[in-house]
Amino acid sequence: MAHTQLDQLDVKILQMMTGNARKPFLEIARECGVSGAAVHQRIGKLQSAGVIKGTELLVEPSTIGYETCAYMGFFLKDPSSFKDVIAKLKEIPEVVECHFTTGQYDIFIKIYAHNNDHLLHLIHEKLQNLGLSRTESLISFKEVFKRPLPVNDSLANE
């Protein structure tokens, strides 16, 4: 994807929205010294350019019964089966991220399970049937922090 040219207003809007994606456009406009219509237009431009990919509601997994978070590296039996494996992974709701990576793994995923028994069930009943030669798992004890990428003033091309 091409690098998008941002000006100082774009950067300021992004800084405010990464801190709170639900911040009202009029409040952003007031802080930026522009009209609400200008902010609305800029956000539309940033969405069209793919800079803003949407907003999301974050649910704390443990509060809805998902106590185990794991990262898994997959070794495929047949590397040409990438598309089929990805399509099948999309059907498993507990798989929340999937990445093509460099290094030893063909695919790397993040998966949530209710507990270790549920994770074992997912591995045996859903993941092993995908054409994997083997997997390696890392269980996360606790997410220490998560944050958005920094949006610095240096991104502006003025």
Side-chain heavy atoms nearer than 4.5 Å, only ILVMFWY residues, links allowed to pass through others: does that put Y112 and I123 together?
no
Would you call R134 and F74 a side-chain contact if the rule is heavy atoms closer than 4.5 Å?
no
Is the closest basic N to carboxylate O distance between K12 and D7 below 4.0 Å?
no
I'd like to know if the side chain of H118 and the backbone of A113 have a donor-acceptor N/O pair within less than 3.5 Å.
no
So does F100 have more than 12 non-hydrogen atoms from other groups sitting under 6.0 Å from CZ?
yes
Does some side-chain heavy atom of I43 sit less than 4.5 Å from a side-chain heavy atom of M17?
yes
Answer yes or no: are there more than 12 heavy-atom neighbours, outside I64 itself, under 6.0 Å from its atom CD1?
yes
Spatial distance of atom SG (C32) from atom CD (Q15) [nearest 0.5 Å]:
9.0 Å
Do any N or O atoms from the side chain of S81 and from the backbone of D84 form a donor-acceptor pair under 3.5 angstrom?
no
Indicate yes or no: at least one non-hydrogen side-chain atom of I139 is less than 4.5 angstrom from one of L119.
yes
Group every Ile, Leu, Val, Met, Phe, Trp and Tyr by side-chain heavy-atom contacts under 4.5 Å, then state whether M16 and V51 land in the same group.
yes
Are F82 and L130 joined in one hydrophobic group, where the rule is that I, L, V, M, F, W and Y side chains link up if heavy atoms are under 4.5 Å apart?
yes
CD of Q47 to CD1 of I52, rounded to nearest 0.5 Å, is 5.5 Å
Greater than 12 external heavy atoms within 6.0 Å of Q41's CD:
no
Kindly determine whether Q5 and D10 satisfy side-chain contact (heavy atoms from CB on, under 4.5 Å), including the steps that lead there.
CA-CA 9 Å; Q5 300 291 317; D10 294 328; over 6 Å; no
Distance in Å, S62 OG paired with E143 CD, rounded so as to fall on 0.5 Å steps:
10.5 Å
Side-chain heavy-atom pair K88, K83 within 4.5 angstrom cut-off
no
Do Y105 and M72 make a side-chain contact, defined as non-hydrogen atoms from C-beta onward lying under 4.5 Å apart?
no
Between the CG atom in L120 and the OG1 atom in T68, the distance rounded to the nearest 0.5 Å is 11.0 Å
Hey, does I86 have a side-chain heavy atom less than 4.5 Å from the side chain of I107?
yes
Is the shortest distance from a Lys or Arg side-chain nitrogen in E31 or K23 to a carboxylate oxygen in the other one below 4.0 Å?
yes
H40 atom NE2, neighbour heavy-atom count above 12 within 6.0 Å:
no
Taking the side chain as everything from C-beta on, heavy atoms only, tell me whether L6 gets closer than 4.5 Å to L14.
yes
Between I111 and V96, does the side-chain contact (heavy atoms from CB on, under 4.5 Å) criterion hold? Intermediate values first, please.
CA-CA 6 Å; I111 186 168; V96 296; over 6 Å; no
Is any side-chain heavy atom of L127 less than 4.5 Å from a side-chain heavy atom of I92?
yes
Can you measure from CD1 (I13) to NZ (K45) and round to the nearest 0.5 angstrom?
8.0 Å
Return the orientation label for the F108 and Y71 ring planes: parallel under 30°, perpendicular over 60°, tilted otherwise.
parallel
I'd like to know if V59 and Y66 are part of one continuous hydrophobic network [Ile/Leu/Val/Met/Phe/Trp/Tyr, side-chain heavy atoms within less than 4.5 Å].
yes
